[in-house]
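Let me begin by presenting the structure, written as structure tokens, before commenting on it.
Just the heavy atoms: all of them, side chains too, but no hydrogens, waters or symmetry mates, feed the values below. Whatever order the structure lists them in is the order used to number ligands and atoms, beginning at 1.
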Amino acid sequence: MAQSDVDVVVVGAGFAGMYLLHELRKTGFSYRVLEAGDDVGGTWYWNRYPGARCDIATTDYQYSWDPELHDQWQWSEKHAAQPEILRYAQFVAKKHDLYSGIEFNTRVDGAEWNEVAKRWSIHTSTGETIICQHYVMATGCLSVPKEPDIAGTEKFTGNVYVTGRWPHEGVDFTGKRVAVIGTGSSGIQSIPHIADQAKELVIFQRTPNFSMPAFNGPAPQYRVERLKADRATYEHEARYSGTGVPLEDSTVSALSVTQEEAFAMLEEAWQKGELLSLGNTFMDSAINRKANDVVAEFMRMKVRSVVKDPEVAELLSPYKHGYGTKRPCMDTGYFETFNKPHVRLVDLNTQPIRSITETGIDFGKESMEFDAIVYATGFDAMTGAIVNVDIAGKDGVTLKNKWENGPLTYLGLTSVGFPNLYMITGPGSPSVLSNMMVSIEQHVDWIRDTLVHMREQGFETIEPTPLAEEGWRVHCTDCADITIFQEANSWYMGANVPGKPRVMFPYIGGVGRYRMACEEVVAKGYLGFELGSGDKKQCNDGLVREVQPDVDMVLDFISTLNLPAMETMSPTEARAFSEASSAMRPSGPEVGEITDGVLQGADGNLEYRLYRPATPGPHPIAVYFHGGGWVFGSHTSDDPLCRDLCAQSNTLIVSVNYRHAPEAPFPAAAEDGFAAVKWVHANAAALGGIPEKIAVAGWSAGGNVAAVTAQMARDTGGPQLSGQLLLCPVTDGSQQHASHRENGERFILTKSLMEWFWNHYATPDQRKNPQASPLLAASLAGLPPTMLVTCQFDPLRDEGNAYARALMQAGVQVEHVEARGHIHTSITMVDMLPSGAPHRREMARALRGFFN
Ligand code: NA7
């Protein structure tokens with residue numbers, strides 16, 4: 001076995017490195033902690049620009065691991081300024097004797113993994129090589145200032161300052177002509193202070209930012225009181241919250257209230273002076289552009305109310321990105337600064353910088369001279385500090401090479417090919433989208449517990465599996481895909497650094513949900529990790545999050561309601577229950593016209609609802625059959641989905657209220673379905689449709705009715721159908737498919753509910769009839785082109801898949817979409833679950849395709 005110098009090397013002595021050092025000592029690991037600066041504090045050591053302040057309130061931005069600190073340290077303000085936070089770090093370091101464990105002024109220049117010795121070699125700027133078993137990067141997310149990407153920066157002979165590397169002795173701008181480039185958080189915080197001193201201040205702005213006043217003062221009383229009353233609960237709430245600060249999740253859509261009401265709610269949030277309050281006012285501002293616009297317009301209104309020159313106010317108002325999609329800022333007097341006569345704003349979009357010169361800046365058609373230039377141009381965020389060190393893992397592959405197209409991590413903590421390497425708040429973890437203190441502590445705890453576990457179990461190495469890492473990448477992408485964050489050129493997306501891959505770097509699924517994923521990984525025996533020592537190996541390979549994130553949230557929400565299982569109800573109760581839940585959902589998109597009528601079924605009249613596109617007709621027609629297990633539902637119960645299909649496919653939808661079981665058991669629904677298609681065909685012209693262009697469509701039991709109807713039309717000389725659109729159809733009454741077992745419990749349609757449906761609809765013998773189980777038809781040849789959608793976590797998945805395969809084998813033209821991460825009901829949840837939208841688009845496209 002290789003000789004280790006130490007068990008663990010930790011790089012960085014910010015809040016992460018400090019806490020980890022404390023925990024390593026407590027758990028008895030040998031360590032070296034290396035820090036490039038000459039003191040603790042990390043971000044708060046480097047970022048000393050005037051006005052530097054934490055945007056998270058002091059009640060929340062502090063360590064929780066040492067309860068004594070809560071009495072021993074009193075914050076002076078709601079939002080602490082950099083010097084006070086640095087003093088806090090120093091206080092903690094002294095109290096816990098951390099200084100003695102940290103080597104300052106020491107950088108890591110390179111590191112490589114030795115696969116034979118199972119050890120890392122860490123090369124430092126002092127010329128030393130340290131051999132260690134575990135290597136932890138506690139290097140911070142915003143620690144490497146972005147290289148200046150402006151022509152001529154090297155020419156300027158005046159004073160140059162970078163906000164992220166501010167001189168320790170401070171800077172006096174009195175009487176100086178100063179340029180500030182950049183209007184992110186650092187620019188917005190420092191500009192009012194620089195303006196107070198400078199003789200002349202010119203701000204070069206590429207993108208205006210959203211900023212709200214911090215209303216600094218004493219810590220918010222309601223938070224202080226909650227903390228005092230029950231600190232443990234408060235901290236628990238923070239850890240399982242969306243952002244690491246306890247906030248009640250909004251249940252109000254910005255689109256469900258008038259602008260006046262919305263602005264009143266936003267004003268209330270604004271007055272709190274808390275960074276996360278505005279973004280938390282509405283449930284949909286991060287996922288819906290129109291909802292976001294409500295918040296954005298409120299913010300622009302605020303700018304107009306402060307800045308006197310309307311042209312300047314307009315330039316300071318963001319239009320190109322949504323609120324929150326670039327890091328929103330908190331300020332003290334930022335917009336007011338632009339009312340001062342010696343302050344000027346230059347819009348780089350109309351007056352780009354041509355070059356920095358020896359004496360100033362040439363921009364647009366102008367040249368100006370300056371005594372000092374301040375670069376507030378941001379950071380190579382999230383990955384800069386990690387890939388700046390040459391880290392070579394297995395086979396000499398460097399992390400930089402591996403991450404060329406975007407960071408690949410498992411849980412944002414580890415990466416395949418780099419055993420025993422850990423990143424604190426790395427890409428793929430909530431990090432910068434959270435209260436960093438909460439995220440740092442969670443990662444340190446996870447790493448500590450993992451090291452202890454490995455020591456106890458005699459494991460030498462830990463490394464994620466390719467399957468788990470790829471699954472996490474997919475999950476992170478799924479989370480980002482349902483938001484509007486990807487529209488913005490933000491540093492979250494790597495867009496601020498030329499050449500950086502454009503991906504969402506932090507995990508946007510929420511602090512609490514992320515924490516639960518990490519906990520689940522451990523609880524399942526380090527799911528997705530391989531642990532090893534010599535010949536001893538342990539690997540529970542698998543994926544930790546497969547359900548679409550928005551679907552998962554709905555499932556969690558439903559589970560908190562403790563609803564009775566529908567199969568415990570009578571059909572009448574189940575119908576009432578289903579109607580009551582339908583009443584609460586969004587209505588779906590506008591269509592040209594909605595009318596109700598009656599058509600002739602197999603045994604009497606049936607109600608129908610017709611959805612007409614807004615375009616001039618006649619239109620092709622889809623006869624639609626609703627879901628509800630043949631027991632409940634009606635011609636109006638799938639309203640949002642029918643509207644969506646109608647609007648997106650430009651097809652006239654006729655939704656039929658076929659007869660229901662148990663009053664009208666098998667084969668009533670099937671016979672009604674076929675009768676409805678014949679009636680629609682005969683009356684197509686009167687309905688405004690095209691008789692030669694008729695398809696059937698249906699979801700769940702309605703998918704069953706549609707599939708059976710298509711077979712009946714084929715077999716009995718019915719109307720020639722243009723296609724069948726089957727969403728999660730019931731195709732086989734045997735219920736013997738694996739998905740009934742695998743997905744039988746957690747996903748709304750349960751195995752027992754499905755049995756309840758069958759029991760009401762058809763006897764075991766009847767279920768063998770192809771008019772109940774279309775999969776059992778002697779032949780599927782000659783059926784119309786098919787679009788069949790199955791969902792990964794649906795008990796009906798496998799019978800749907802089997803039907804798709806059988807249709808293909810019979811020579812039918814089939815498009816089969818397997819909706820990853822979806823459940824039986826999720827694709828029908830229009831305007832509720834953004835992850836279903838792409839599949840509905842595909843369904844609509846297929847429907848259009850049937851008629852071409
Ligand atoms: P940010 O938020 O990345 O802001 C940098 C600013 O500098 C931003 O306005 C950029 O405009 C601007 N910038 C960057 N490069 C250029 C060039 N080449 N020319 C002109 N303007 C440029 O960094 P901060 O330091 O302010 O804040 C970082 C985080 O620290 C903050 O979000 C908090 O989490 C704490 P752009 O928007 O890219 O058009």
Side-chain angles (χ1 to χ4, degrees), residues 14 42-44 46-56 61 79 81-82 85 140-153 161-166 179-191 202-211 214 243-244 275-276 315-316 318-322 324-331 334 345-356 361-364 373-382 384-385 425 430-437 439 485 487-500 502 505-506:
T43 288
W44 304 106
W46 296 105
N47 285 273
R48 297 171 189 242
Y49 60 83
R53 204 176 273 283
C54 183
D55 289 341
I56 300 288
Y61 193 82
H79 293 109
Q82 173 270 336
I85 305 176
C141 295
L142 296 160
S143 44
V144 177
K146 190 182 92 151
E147 289 291 323
D149 49 356
I150 300 170
T153 42
Y161 304 101
V162 178
T163 47
R165 290 286 178 272
W166 205 256
V180 175
I181 304 177
T183 49
S185 217
S186 306
I188 283 176
Q189 288 188 336
S190 59
I191 283 165
V202 181
I203 293 127
F204 291 86
Q205 171 188 275
R206 188 163 70 183
T207 311
N209 241 321
F210 292 104
S211 184
T243 53
L275 180 70
L276 304 167
L315 288 178
L316 287 166
Y319 284 95
K320 290 191 183 149
H321 66 277
T325 60
K326 283 173 89 115
R327 168 69 149 71
C329 304
M330 296 204 90
D331 69 89
Y334 175 64
L345 178 69
V346 171
D347 171 23
L348 293 178
N349 298 296
T350 52
Q351 293 184 282
I353 293 177
R354 285 180 279 120
S355 179
I356 309 279
I361 301 179
D362 290 350
F363 61 96
I373 299 179
V374 175
Y375 290 97
T377 42
F379 297 89
D380 183 354
M382 307 277 317
T425 63
S431 58
V432 292
L433 290 177
S434 70
N435 174 0
M436 288 298 280
M437 216 46 125
S439 291
F485 273 63
E487 296 170 11
N489 287 326
S490 66
W491 56 259
Y492 298 147
M493 296 293 300
N496 64 329
V497 176
K500 217 171 163 177
R502 193 181 170 90
F505 282 71

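- Among protein heavy atoms, atom 3 (O) of ligand 1 sits closest to W491 CD1, 3.2 Å.
- Two rings, from Y61 and H79, have their centers 6.0 Å or more apart.
- A heavy-atom separation below 4.0 Å is found between K146 and ligand 1.
- Protein heavy atom at the shortest distance from atom 4 (O) of ligand 1 is G184 CA, 3.4 Å.
- Put simply, no part of T163 is less than 4.0 Å from ligand 1, judged by heavy atoms.
- Under the 6.0 Å distance and 45° angle rule, R327 does not count as a cation-pi partner of W491.
- For the residue pair S185 and D55, the shortest heavy atom distance occurs at OG-OD2, 3.7 Å.
- Below 4.0 Å from some heavy atom of L142 lie the following atoms of ligand 1, by number and element: 29 (C), 30 (O), 34 (O).
- Of the protein's non-hydrogen atoms, T207 OG1, 2.4 Å is the one closest to atom 39 (O) of ligand 1.
- The shortest contact between atom 9 (O) of ligand 1 and any protein heavy atom is with T183 N, 2.9 Å.
- The nearest heavy-atom contact from the protein to atom 12 (C) of ligand 1 is G182 CA, 3.7 Å.
- Given atom 23 (O) of ligand 1, the protein heavy atom at minimum distance is G378 CA, 3.2 Å.
- Between K320 and T207 the shortest side-chain heavy-atom distance does not fall below 4.5 Å.
- The shortest N or O to N or O distance between D149 and ligand 1 is below 3.5 Å.
- Here the rule is side-chain contact (heavy atoms from CB on, under 4.5 Å) with Q205, and of N349, T183, L348, V346 only T183 fits it.
- A pairwise comparison of heavy atoms in T163 and S190 identifies CG2-OG, 4.4 Å as the closest pair.
- The distance from ligand 1 to the heavy atoms of I181 drops below 4.0 Å at these ligand atoms: 20 (C), 21 (N).
- The closest approach between any non-hydrogen atom of K326 and ligand 1 is below 4.0 Å.
- Proximity to F379 (heavy-atom distance under 4.0 Å) selects the following atoms of ligand 1: 25 (O), 28 (C).
- Residue I150 touches ligand 1 through its side chain alone, judged by heavy-atom distances below 4.0 Å.
- The two atoms that bring N209 and P318 nearest to each other are C-CG, 3.5 Å, heavy atoms only.
- Cation-pi geometry between K146 and Y375 is not met: the NZ or CZ atom fails to fall both under 6.0 Å from the ring centre and inside 45° of the normal.
- Between the side chains of N489 and R502, a donor-acceptor pair is found at a separation under 3.5 Å.
- Closest heavy-atom approach to atom 17 (C) of ligand 1 within the set R327, H321, R206: this belongs to R206.
- Summary of contacts: the protein heavy atom closest to atom 24 (P) of ligand 1 is S186 OG, 3.3 Å.
- Ligand 1 has an N or O atom lying under 3.5 Å from an N or O atom of A376, backbone or side chain.
- Between F485 and M493, the closest heavy-atom pair is O-CG, 4.0 Å.
- With no hydrogens or angles considered, no side-chain donor-acceptor pair links S431 and S439 at under 3.5 Å.
- Below 3.5 Å of separation, one finds an N or O of S185 facing an N or O of ligand 1.
- Residue contact check for ligand 1: V432 places no non-hydrogen atom closer than 4.0 Å to it.
- Here the shortest heavy-atom distance to atom 20 (C) of ligand 1, taken over N209, L348, V497, V162, belongs to L348.
- The closest side-chain donor-acceptor pair between S355 and D362, if any, does not fall under 3.5 angstrom.
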